[in-house]
**Q** 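If you scroll down you'll find the structure; I have some questions about it.
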Amino acid sequence: MPVNAAVIRGVQKLVLYETRARYFLVGSNNAQTKHRVLKIDRTEPRDLVIIDDKHVYSQQEVRELLGRLDLGNRTKIGQKGSSGLSRAVSAYGIVGFVRFLEGYYIVLITKRRRMADIGGHSIYKIEDTNMIYIPNDSVRVTHPDEARYVRIFQNVDLSSNFYFSYSYDLSHSLQYNMTLLQMPCDAGESEELNTSGRQDSFDIFEEEGIPTQVVHGLINEPYAKYVWNVRLLEKVKDIVHPDWLLYIIHGFCGQSKLLIYGRPVHVTLIARRSSRFAGTRFLKRGANCEGDVANEVETEQIIHDASVMSLTAGSFSSCVQVRGSVPLYWSQDISTMMPKPPIRLDQADPYAHVAALHFDQMLQRFGSPIIILNLVKKREKRKHEKILSEEFYPAITNLNQFLPPEHGIEYIAWDMARYTKSKLCNVLDRLSMIAENVVKRTGFFVNRPDFYCHTLRPDERWGDLGGKVTPNGRIQTGVLRTNCVDCLDRTNTAQFMVGKCALAYQLYALGMIDKPKLQFDTDCVRLFEELYEDHGDTLSLQYGGSQLVHRVKTYRKIAPWTQHSKDIMQTLSRYYSNAFSDADRQDAINLFLQVFQPSESKPHLWELPTDFYLHHSDTMVLPHQQHSYTHWWTDGLLTFLPSPYDEAQCEKNRRKVAVKRMNRFDESIDIYTEFFKPYELTSFDDTFSIAMTNSSREFMPKTVGLDPSPFTVRKPDESAKSVLGSKSSKEEAVLQRKTAASAPPPPSEEQISSSSEDDSEEEREEDGTASQRSTPIRLTEPSDSSRLHEDPPQQRLPPVRETYGLNLLVNPPDEDILIYHRFAHLGQNQHKVERRDEMKKLDTSLSLAPVSLFPSDSIYEVSAPEVDVQSRAVFECHVQTGRGWVRTLCHEDVLMYREYIKNRYM
């Protein structure tokens, strides 16, 4: 049966050409061997007219086409001064098309940056975009409010945490994508990729009866809930070829490299923010009538053995968690200008209708069990957060009475804030126990079967691991859903502890460690903690308007005293953002997601007193069918549980996947050429794998004599990454990047005690790289320079033992002296053949080991090397070929020659 492969989108580089009547958008693949042309009409003032001929052009054909367009659009025939076709802009993808009160705009990605790599599939971050008005100025119908809508739309900063990929579906998890590649495809379901590309799939060996190696290329529909430009592409989705459609997600993406004695392991963290009921902190709380909750983010951690850069042949593991607001009708009134506005329940829901819709979505996507970790407060002098718990738990109890007991929703309530204030309780120890139970219940995804060493040396934790075991590995069944009130600080720490526990199991499943347990203060956990800190800061800025206030170090109670002032500043920043700028950000999100579509017959966006009616469709239109209160899940869902319904091989899911029959050597599925780009000249220093965060460069100690293992517990002064305060100077940030590979001495205790471990927001903005960090160094202030010259040399230079690993003032031991005498004796007598009596006395003390595999090997003689049978056969075949005696080609030789002919001449 043919294997499956993900199809790479054929439009990755775009050039927009402009005439007075039309725009011509020319798209090509990375190698610029296949081109497509999109024609956009500029004479329509309000409608969007796009023509796609679906034809694949060669580079020569595109040049001829552009030349004819240039010649035909000149004002005078033969006039070379005024070109009829001008190049407007270069881009890397289309975000979408949008219209307000005048004509349509096209939004193009003009700058990108690679952020991660998953098995050769690159993930890019949008760095800059360009919004171009399509109709010509001669037909433009102006409107006074158009400019205001454009400003509101551009308030959604597309250069801030929007990601896309040409070959990897970011809206789905790794488990879904890899399960799709293992799905059997029937020949009747597949179809040809295109009918005009016969010359690309031409096979010179068809007449000889040798079958062509067929691969099924798969194109699946994205999960619309996590795609942020679905509405922007809705107008052209059925008109243009799928290669033009580029889906983007919003959230976070970071990747770091963990080196285990030179073996590279990529640790990737991807967060997908839901585009439904999206908004800012106090303006979006609870859930809407369709079961979509506020601040819903799906976080996935992917562990990849980077020794093999292939999604099908490599070793991968992933674990998914979810955060989201409490699925009830509740809100907070911000008109009172209070730091903590009172929580109010807006609508009674005695049958848990909204919660049922929400958990029905989760059961379809993740399977069972759904485990809820509720971190809101239980004991309060005045009821605030407790109101949510009193309504949430009865809702879960009501839903569970209709589900089978083995698939029931599990509820864990734990007052994390109260435990933090207690000096006798360790918050992280309690979270570790919860995390261990959660991972054992849900399991995680791994695409390879268990190692045989796990059977020989079984671990007690590995035996009762949950999930579902398959012939190809394990799959995760169920998910942990964590929430507090804001789903920011407490939730991020709880997710980190669960992720740390899952990371240990994932590394154990891939054969990296001997026991599924990791300890704090190791290079591995520090790297993972820093990745989660960036993840939490990014999500907090998107929803709350500031970075995290309470971090992992805060709950470990090891944060320096300077962190308290930072926490106060972040709290004030969050309060200011919520009070003064959240309303504008909410309007921008509503306009970008097309929740509100401007019209001259409707009030303007800024005239609406509330956006409640935009997000709750049942307030304006009566629902067509009433959802059952008892049978609240989707039909057919229980049949596949505990496995996810979306990954089941049923007819409904098969219709979401388009299958294309392709040649094995087709460019559209060649991930090797797509990733390594052999047709381009590449500098190693500029490659992403060199620049990403590296555990050996950033965290491993530079001194001699310490264990280089990333799983060794280290003291604060042993880590290569010094614990410095926030750096607001731009020159210092530039100097850090220039000395990323340097090895400065570890900081002193005074530097550690008077500095902070958390980077400031200014440094993140100036650095420009989300997941690339360098080894920080401390700049000497002018006032310290004079003091530095007065110190004795012993205090300026590092100790000798720290530099060389030994103390040169102490005599070496007798064993080392004897080894040195033996070495010197060998050096003195290496050219002497005769043996003396003194040398015979040393036979008992010298044990000489041969330096080669030859029986006799010296400067005087050497034995002839022995050639094995296989090498002799290869040489005899080569000699016979030179004499004209050619042997019959085998099947492998025919395939190799066919690939050579195709790459060389076709």
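Sequential numbering from 1 along the given sequence is applied to the chain's residues. Quick caveat: nothing in here was measured; it's all calculated off a predicted structure.
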**Q** Going by atom types only, do Asn30 and Glu674 share a side-chain donor-acceptor pair under 3.5 Å?
**A**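 Yes - a donor-acceptor pair under 3.5 Å links their side chains.
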
**Q** Quick check: Tyr149 with Trp606 (ring centres under 6.0 Å apart)?
**A**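 Judged by ring-centre distance (under 6.0 Å), Trp606 and Tyr149 do meet the cut-off.
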
**Q** Inspect the contact between Glu127 and Arg112 and indicate whether a charged nitrogen and a carboxylate oxygen are less than 4.0 angstrom apart.
**A**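 Not counted as a salt bridge, because no side-chain N and carboxylate O are separated by less than 4.0 Å.
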
**Q** Taking all atoms of both residues into account, what is the closest heavy-atom pair of Leu541 and Arg585, and its distance?
**A**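 Here Leu541 and Arg585 meet closest at O-NH2, 3.5 Å.
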
**Q** Around atom NZ of Lys656, are there more than 12 heavy atoms from other residues, nucleotides or ligands closer than 6.0 Å?
**A**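 Yes, because the 6.0 Å sphere around NZ of Lys656 holds more than 12 heavy atoms from other groups.
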
**Q** Does Tyr105 have Arg99 sitting over its ring (NZ/CZ under 6.0 Å from centre, angle to axis within 45°)?
**A**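 That pair does not qualify as a cation-pi contact.
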
**Q** Quick one: is the NZ or CZ of Arg140 closer than 6.0 Å to the six-membered ring centre of Tyr133, and within 45° of its axis?
**A**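 Verdict for Tyr133: a cation-pi partner in Arg140.
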
**Q** Using 4.0 Å as the upper bound for N to carboxylate O, is an ion pair formed by Glu18 and Arg42?
**A**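 Yes, Arg42 and Glu18 are salt-bridged.
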
**Q** Step through it carefully: locate the ring centre of His616, locate the ring centre of Phe277, and say whether they are under 6.0 Å apart.
**A**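 Yes, ring centres under 6.0 Å apart.
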
**Q** Does Ala648 offer a backbone N or O that forms a donor-acceptor pair with the side chain of Asn653 under 3.5 Å?
**A**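 Indeed, once roles are kept as given, a pair shorter than 3.5 Å links the two residues.
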
**Q** I'd like to know if the side chain of Thr538 and the backbone of Phe252 have a donor-acceptor N/O pair within less than 3.5 Å.
**A**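 Flag not set: sc Thr538 to bb Phe252 has no pair under 3.5 Å.
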
**Q** Any side-chain donor-acceptor pair under 3.5 Å between Asp360 and Thr634?
**A**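 Yes, side-chain donor-acceptor contact under 3.5 Å.
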
**Q** Given Val56, which of His35, Arg36, Glu61 fulfils the side chain to side chain contact (heavy atoms under 4.5 Å, CB included) condition?
**A**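 Of all the options given, the one that passes is Arg36.
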
**Q** Tyr23 pairs by side chain to side chain contact (heavy atoms under 4.5 Å, CB included) with which of Leu38, Asn136, Ile132, Ile50?
**A**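 Result for side chain to side chain contact (heavy atoms under 4.5 Å, CB included) with Tyr23: Ile132.
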
**Q** Ignoring hydrogens, what is the shortest heavy-atom contact between Pro222 and Val227? Give both atom names and the distance.
**A**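 Shortest heavy-atom contact: CB-CG2, 3.9 Å.
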
**Q** So, for Tyr104 and Lys235, which heavy atoms are closest and what is the spacing to 0.1 Å?
**A**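 Closest heavy-atom pair between Tyr104 and Lys235: OH-CE, 3.6 Å.
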
**Q** Taking atom NZ as the centre, does Lys225 end up with more than 12 heavy-atom neighbours from other residues, nucleotides or ligands that are less than 6.0 angstrom away?
**A**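 Atom NZ in Lys225 is crowded, with more than 12 foreign heavy atoms closer than 6.0 Å.
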
**Q** Salt bridge check, Arg273 against Glu296: does any charged N sit closer than 4.0 Å to a carboxylate O?
**A**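 The answer is no: the pair does not qualify as a salt bridge.
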
**Q** Can you name the residues that form a side chain to side chain donor-acceptor pair (under 3.5 Å) with Lys284, not counting sequence neighbours?
**A**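 For Lys284, the residues satisfying side chain to side chain donor-acceptor pair (under 3.5 Å) (neighbours in sequence not counted) are Asp611.
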
**Q** Which label fits His55 and Tyr57: parallel for a plane angle under 30°, tilted from 30 to 60°, or perpendicular past 60°?
**A**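 Rings of His55 and Tyr57: perpendicular, as their planes differ by over 60°.
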
**Q** Only one of Arg661, Lys34, Lys660 passes salt bridge (charged side-chain N to carboxylate O under 4.0 Å, His left out) with Asp666; say which it is.
**A**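 Per the salt bridge (charged side-chain N to carboxylate O under 4.0 Å, His left out) rule, the option paired with Asp666 is Lys34, out of Arg661, Lys34, Lys660.
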
**Q** Please confirm whether Arg9 makes a cation-pi placement over Tyr166, using NZ or CZ under 6.0 Å from the six-membered ring centre and within 45° of the ring normal.
**A**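 Not satisfied by the 6.0 Å and 45° rule.
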
**Q** Without swapping roles, check the side chain of Asp145 against the backbone of Arg148 for a donor-acceptor pair under 3.5 Å.
**A**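 Flag not set: sc Asp145 to bb Arg148 has no pair under 3.5 Å.
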
**Q** Has Asp292 got a side-chain atom pairing as donor or acceptor with Asn288's backbone, closer than 3.5 angstrom?
**A**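 It does not hold such a pair.
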
**Q** Within 45° of the six-membered ring axis of Phe596 and under 6.0 Å from that ring's centre, is NZ or CZ of Lys602 located there?
**A**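 Verdict for Phe596: a cation-pi partner in Lys602.
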
**Q** Mind checking whether Phe153 and Phe592 have ring centres under 6.0 Å apart?
**A**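 Ring centres of Phe592 and Phe153 closer than 6.0 Å.
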
**Q** Please tell me whether Glu667 and Thr33 have a donor and an acceptor in their side chains that are separated by less than 3.5 angstrom.
**A**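 Distance-only check passes for Glu667 and Thr33.
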
**Q** Between Ser173 and Asn177, does a side chain to side chain donor-acceptor pair (under 3.5 Å) hold up when you go through it step by step?
**A** CA-CA 6 Å; Ser173 64; Asn177 292 329; over 6 Å; no

**Q** Any heavy-atom pair between the side chains of Thr179 and Leu181 that's under 4.5 Å?
**A**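 No, side chains not in contact.
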
**Q** Taking everything shown except Phe676 itself, do over 12 heavy atoms lie less than 6.0 Å from its CZ?
**A**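 Yes - once you tally the heavy atoms of other residues, nucleotides and ligands closer than 6.0 Å, there are more than 12.
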
